[in-house]
Amino acid sequence: MPVEKKETAIQPVAEARPAKKETKRDNAFNPREMEPKWQAKWEADKLYRSVIDESKPKHYALTMLPYPSGDLHIGHWYAMTPSDARARYMRMKGYNVLFPMGFDAFGLPAENAAIKDGVHPMKRTAQNVERMRKQLRSMGAMFDWEREAVSSDPEYYKWTEWFFIQLFKMGLAYRKMSAVDWCPNCNTTLAREQVWGDDRHCERCGTPVIKKDLDQWFFKTTKYADELLNFDGIDWPQTVKTLQTNWIDRSEGASVIFHTAPPSPPAPLPQGEGRHPIEIFTTRPDTLWGATFMVFSPEHPLVDEITTPENKAAVEEYKAQAARQSDIQRGAVDKEKTGVFTGGYAINPVNQARIPIWIADYVLMTYGTGAIMAVPAHDERDFAFARKYDLPIVPVIKPEVQSEADEGEIEAAYIGDGVMINSGPFNGTKVNTEKGRKNPGISKVIDWLEKEGIGKESVNYRYRDWLISRQRYWGAPIPMIHCNAHGWNPVPEDQLPVMLPEDVEWKPTGESPLKLHPTWKNAPCPVCGEPATRETDTMDTFMCSSWYHLRYLSPHYDKGPFDEAEYNYWMPVDTYTGGIEHATMHLLYTRFFHKALRDAGITEGNEPMLQLRNQGMVLGEDNEKMSKSRGNVIAPDVLVDKYGADTVRAYIMFFARWEMGAPWDSQGIEGSARWVRRVWTLFTDPSTTLRSAQGGPIVASDEVKKNLRRKVHQTLRKVTRNFEQFEFNTIVSSLMELMNEMYKAREAGAVGSGEWKEAQEIYLKMMAPVTPHIAEELWTNYLHKPYSIHQQQWPQVDEAAAKEDVIELPVQINGKVRDRINVPAEATEEEVRAAVLASAVVQKYLEGREPRKVIVAKGKLVSLVV
RNA sequence: GCCGAAGUGGCGGAACAGGCAGACGCGCACGACUCAAAAUCGUGUUCCCUCCGGGAAUGUGGGUUCGAUUCCCACCUUCGGCACCA
């Protein structure tokens with residue numbers, strides 16, 4: 001039952017109390033003074049310094065580290081302050097919490113700026129880091145700054161280089177010549193993950209990429225493809241798991257070896273001679289008998305070999321055109337299929353059929369083997385191609401229930417289930433729509449292929465190895481040396497780090513300054529000591545961020561990438577928070593990295609981050625993505641200056657569902673500012689504006705006090721659950737609600753009672769993770785409790801106090817709420833039923849009849865069917 | 001085309017596990033205070049009607065149920081990812 005509105009009978013005191021103005025000034029809420037004061041004290045007292053403590057359970061809370069652009073964005077606040085609030089909550093719950101911060105400091109913007117204005121990236125980065133540290137401190141977060149790591153510091157990138165060498169030694173880093181994605185604006189190659197969208201643009205700058213044939217360093221991420229598809233034991237959002245699964249895109253099937261056939265049918269060549277094996281991958285080995293032609297990618301190495309003289313010109317022309325097109329966009333949507341006949345033939349190994357070999361750009365060199373068997377009867381693409389070029393179509397799967405009385409023209413490729421036909425020994429075998437071994441037809445054919453030695457079960461992935469070479473200066477050098485006699489060898493580990501030279505020139509040529517440096521690249525071969533050349537490319541910065549969570553453990557440790565004692569205590573990361581845009585980039589790279597290090601014996605366990613939560617995005621007030629060009633950017637510094645950090649933190653947590661994000665609302669923040677100020681007033685001004693009818697102070701009734709206590713514990717229960725579940729918006733709204741109740745209780749004279757004091761204490765403790773400064777100020781200076789509130793235990797819910805004794809039950813009659821009755825919370829079903837039937841409203845609807853059905857949902861409602 | 005997420009007042013959003021739809025806040029309206037405004041405080045605020053009462057409503061249409069924002073089926077819209085992947 002809600003608090004009785006006794007105060008309605010009492011007139012507000014019109015005249016302000018004489019001392020009020022003075023008091024107000026003394027107690028003025030001034031975050032601009034108060035917040036820096038506490039920030040300085042917390043830091044001086046090392047309040048947030050996290051040290052190993054075996055007596056407590058540990059909690060490693062991590063939020064994605066920022067790039068030091070030089071200005072903290074509202075998006076950083078949105079990502080970090082709720083993470084901070086939760087880390088603080090975990091700390092109050094009794095965990096020894098590590099919540100570190102650092103900078104992902106290598107990267108292109110600093111280098112591009114250097115080309116423009118000549119300021120060295122090292123200098124600019126240092127300045128930006130300094131500025132962002134200050135801005136980050138203004139959040140009042142519990143970062144342990146003694147663990148700060150900056151990826152562009154030599155003491156950091158020494159180990160980034162060291163990791164490269166470990167991967168190289170394991171055979172996981174290798175060099176390969178291939179057609180790679182090149183961003184003409186960033187002047188560097190990119191990994192596949194870093195090329196986005198329909199127009200295949202650079203993830204960083206938005207410029208469409210082009211293809212270039214280059215010799216580059218790769219990490220063998222594909223070796224871990226299967227393991228990366230396994231998310232056992234980690235609590236990650238389904239969305240991220242799905243994105244990663246789709247990105248890796250495993251498909252099961254078979255690899256089958258075809259052979260080239262002699263040019264003209266009657267001339268049988270001796271076994272083996274002049275016959276090239278052609279390996280293909282197929283997910284449908286059950287349709288092998290329907291393969292009526294083959295298609296090679298124009299880049300396939302066998303194309304020149306098999307092309308007959310009379311087709312040479314056309315093939316060359318097509319290849320040239322395809323090469324040109326790949327620079328623009330070969331994979332345009334719904335493009336009509338094109339191709340040319342090579343003049344060459346292959347033998348289908350299952351039925352010895354002699355089938356023509358075509359080239360077409362719908363077959364990609366980068367997937368499978370770059371060659372396919374074409375089964376036009378059961379593949380839409382092959383069907384379209386066969387139709388266009390009038391190639392034979394042989395059905396090998398017959399639908400079990402054939403509605404058409406046809407045998408006439410086939411109108412489309414048949415993809416469904418059925419029975420194999422025209423397939424030699426397999427005629428009559430059932431085929432369904434399952435993939436891989438789950439499909440009986442596929443499974444039987446694979447067994448047979450293996451027995452016959454024609455092919456074998458095989459798995460293919462869309463996933464590629466990670467291209468990590470970047471033709472840029474501002475990154476960790478790839479610690480490799482090339483010698484004409486001994487090839488590529490790692491820099492000896494005792495010579496790490498390979499330092500970036502500082503004396504470089506910035507030229508807008510698109511060439512890395514490292515390459516243009518007169519002497520830097522000269523180094524003795526680690527094997528023979530003769531003059532050799534350093535690799536002048538640097539590493540993808542995602543390499544730096546793949547292990548930063550390890551460097552935080554001991555950022556200045558020099559005997560290894562991290563101190564093992566710290567590792568053993570803190571790892572793995574318990575809660576990781578950040579944007580979902582990294583789903584197939586950082587979040588995939590770091591999992592790969594951890595697994596590779598595990599296999600090197602450096603890390604333990606299968607996963608680096610146990611729990612992941614993604615925040616959404618803050619949009620501009622115009623509901624568009626924030627950008628300088630749109631002029632809709634919200635600057636947190638300005639807001640902190642105007643409202644104080646606590647208000648900004650509170651609003652950030654309040655205004656949207658964290659995982660969804662929402663547009664910013666400059667008026668909306670006033671509500672949070674009002675809340676913070678009203679809490680301030682509630683704690684600093686205990687007087688009520690009301691007097692009892694007799695003119696004396698009001699003394700709260702037992703009922704008022706009991707109701708207050710109930711509300712406090714109900715709120716505590718809810719806020720606790722919300723913290724556990726990352727529901728930050730309802731934490732703040734529950735606190736607002738409780739504050740409103742406390743104002744009412746104050747008016748009803750509850751101030752000074754034990755219940756009031758308990759309410760105040762619990763209120764500030766619940767508030768502390770959200771608004772750490774005001775909570776500390778009120779706790780120490782107004783409640784005079786021992787400093788610091790951030791070292792207090794999270795309060796316990798008193799379930800007995802939280803319980804309602806009388807509840808109001810809505811009464812539904814035929815699904816509509818017609819009445820409400822008050823019953824004791826403990827009332828039995830019979831008692832509730834009796835109370836409902838006694839209601840005049842219910843009687844009216846019953847019109848003297850018995851209800852057909854009475855459903856009592858205990859504590860919730862009563863539903864009658866009449 | 002495939003995969004995923006989401007559609008609730010003027011707005012952001014709430015509703016623990018099928019049980020009172022719209023908590024909390026913004027905005028708006030009215031009132032108090034003020035010479036006035038701002039701030040502050042109070043009251044109200046889903047829509048509609050023949051307004052003591054009643055009806056409709058959580059993207060649309062069905063279904064299950066005493067009861068559906070919640071579960072099931074189909075569809076629409078928006079956003080994100082993938083896209084000739086053999």
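Nothing here was measured: the structure is a model prediction, and the numbers come from that model.
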**Q** Rounded to whole Å, how long is the line connecting atom CD of A:Q714 with atom P of B:A23?
**A** 17 Å

**Q** Applying a 3.5 Å limit to both distances, which nucleotide forms a Watson-Crick or G-U wobble pair with B:C2?
**A** B:G81

**Q** Pick the P atom in B:C76 and in B:G61, then give their distance to the nearest Å.
**A** 15 Å

**Q** Does the side chain of A:D465 come under 3.5 Å of the side chain of A:T222 through a donor N or O and an acceptor N or O?
**A** yes

**Q** Round to the nearest Å and state the distance from A:K860 atom NZ to B:C66 atom C1'.
**A** 15 Å

**Q** Using both distances under 3.5 Å as the test, list the Watson-Crick or G-U wobble partner of B:C26, or none.
**A** B:G10

**Q** Does A:K816 put a side-chain nitrogen or oxygen below 4.0 Å from OP1 or OP2 of B:G55?
**A** no

**Q** Consider the side chain of A:N729, meaning its heavy atoms from C-beta on, and name the nucleotide among B:A86, B:G13, B:G81 that approaches it most closely.
**A** B:G13

**Q** Please report, rounded to the nearest Å, how far the P atom of B:C11 is from the CZ atom of A:F654.
**A** 16 Å

**Q** For B:A83, does OP1 or OP2 lie under 4.0 Å from any side-chain N or O of A:R200?
**A** no

**Q** Indicate syn or anti for B:G4, taking the glycosidic torsion and treating anything within 90° of 0 as syn.
**A** anti

**Q** Base, sugar-phosphate, or nothing for A:W675, non-hydrogen atoms under 4.0 angstrom?
**A** nothing

**Q** Let's test this: given Watson-Crick or G-U wobble pairing with both distances under 3.5 Å, identify the partner of B:U50.
**A** none

**Q** Looking only at atom P, what distance separates B:A57 and B:C48, rounded to whole Å?
**A** 16 Å

**Q** Would you mind telling me which of B:G12, B:G25, B:C66 lies closest to the side-chain atoms of A:M736?
**A** B:G25

**Q** Between B:C24, B:C20, B:G27, which nucleotide has the shortest distance from any of its atoms to the side chain of A:V817?
**A** B:C20

**Q** Heavy atoms from C-beta onward define the side chain here; which of B:A14, B:G27, B:G81 lies closest to that of A:L243?
**A** B:G81

**Q** Nearest of B:G27, B:C20, B:C66 to any side-chain atom of A:R674?
**A** B:G27

**Q** Taking any heavy-atom pair under 4.0 Å as a contact, classify A:G859: base, sugar-phosphate, or nothing.
**A** nothing

**Q** Under 4.0 Å from OP1 or OP2 of B:A15: is there any side-chain N or O of A:R721 that close?
**A** no

**Q** Do A:E737 and A:T715 get their side chains close enough for a donor-acceptor pair, meaning under 3.5 Å?
**A** no

**Q** Strictly by Watson-Crick or wobble contacts shorter than 3.5 Å, is anything paired with B:A38, and which nucleotide is it?
**A** none

**Q** Quote, to the nearest angstrom, the C1' distance that separates B:A74 from B:G12.
**A** 32 Å

**Q** What's A:G616 touching, base or sugar-phosphate or nothing? Going by heavy atoms closer than 4.0 Å.
**A** nothing

**Q** Determine the sole option in A:R200, A:R192, A:R464 for which the salt bridge (charged side-chain N to carboxylate O under 4.0 Å, His left out) test with A:D181 is passed.
**A** A:R200

**Q** Consider the side chain of A:S733, meaning its heavy atoms from C-beta on, and name the nucleotide among B:G13, B:G55, B:C24 that approaches it most closely.
**A** B:C24

**Q** Please confirm whether the shortest side-chain N or O distance from A:N740 to OP1 or OP2 of B:G25 is below 4.0 Å.
**A** yes

**Q** Write down the distance between CZ (A:F655) and P (B:C26), rounded to a whole number of angstrom.
**A** 15 Å

**Q** Counting only side-chain heavy atoms from C-beta out, which of B:U40, B:G81, B:A86 sits nearest to A:Y367?
**A** B:A86

**Q** What is the distance from CZ of A:R657 to P of B:A23, rounded to the nearest Å?
**A** 17 Å

**Q** C1' atom, B:G63 versus B:A68: distance in rounded Å?
**A** 11 Å

**Q** Is it the case that the side chains of A:Y318 and A:T338 hold a donor-acceptor pair, with the cut-off being a distance below 3.5 Å and no angle test?
**A** yes

**Q** If you compare every side-chain N and O of A:R677 against the phosphate oxygens of B:A39 (OP1, OP2), does one of them come in below 4.0 Å?
**A** no

**Q** Can you see whether A:Y461 engages A:D226 through a side-chain donor-acceptor pair at a distance of less than 3.5 angstrom?
**A** yes

**Q** Between A:V396 and A:G290, what is the shortest heavy-atom contact and its length?
**A** CG1-N, 3.5 Å

**Q** Taking the P atom of each, how far is B:C26 from B:C41, in whole Å?
**A** 10 Å

**Q** Using only side-chain N and O atoms of A:R678, determine if any of them is under 4.0 Å from OP1 or OP2 of B:U40.
**A** no

**Q** B:G27 and B:C11: how far apart are their C1' atoms, nearest whole angstrom?
**A** 7 Å

**Q** Taking the C1' atom in each of B:A14 and B:U64, what is the distance between them to the nearest angstrom?
**A** 27 Å

**Q** Let me know the distance between CZ of A:R818 and C1' of B:G54, rounded to the nearest Å.
**A** 8 Å

**Q** Roughly how many Å apart are B:C3 and B:A86, using the P atom of each and rounding to a whole number?
**A** 15 Å

**Q** In terms of side-chain heavy atoms of A:F281, which of B:C24, B:A86, B:G19 is nearest?
**A** B:A86

**Q** Looking at B:A21, B:G81, B:A86, which one has an atom nearest to any side-chain atom of A:S251?
**A** B:A86

**Q** If each of A:Q667 and A:K853 is mapped to the nucleotide of RNA chain B with the nearest heavy atom, which maps nearer the 5' terminus, i.e. the 5' end?
**A** A:Q667

**Q** Syn or anti: how is B:C41 classified when any glycosidic angle within 90° of 0 counts as syn?
**A** anti

**Q** Under a 3.5 Å cut-off for both distances, is B:U65 Watson-Crick or wobble paired, and to whom?
**A** none

**Q** Taking the nucleotide of RNA chain B with the nearest heavy atom to each, does A:W196 or A:P810 sit closer to the 5' end?
**A** A:P810

**Q** A:Y845 has a side chain; which of B:G54, B:U40, B:C66 sits nearest to it?
**A** B:G54

**Q** What integer distance in Å separates A:I580:CD1 from B:C82:C1'?
**A** 14 Å

**Q** Output yes when at least one side-chain N/O atom of A:R820 is less than 4.0 Å from OP1 or OP2 of B:C20, else no.
**A** no

**Q** May I ask you to verify if any side-chain N or O of A:T242 is less than 4.0 angstrom from the OP1 or OP2 atom of B:G81?
**A** no

**Q** Counting only Watson-Crick pairs (N1-N3 plus N6-O4 or O6-N4) and G-U wobbles (N1-O2, O6-N3), all under 3.5 Å, who is the partner of B:A15?
**A** none

**Q** Mind listing the closest non-hydrogen atom pair of A:E193 and A:Y463 along with its distance?
**A** OE2-CE1, 3.7 Å

**Q** Report yes or no: is the cationic atom of A:R649 (NZ for Lys, CZ for Arg) under 6.0 Å from the centre of the six-membered ring of A:W77, at an angle within 45° of the ring normal?
**A** no

**Q** How many whole angstroms separate atom CG of A:D685 from atom P of B:U40?
**A** 16 Å

**Q** Please check if atom NZ in A:K642 has more than 12 non-hydrogen atoms from other residues, nucleotides or ligands closer than 6.0 Å.
**A** no

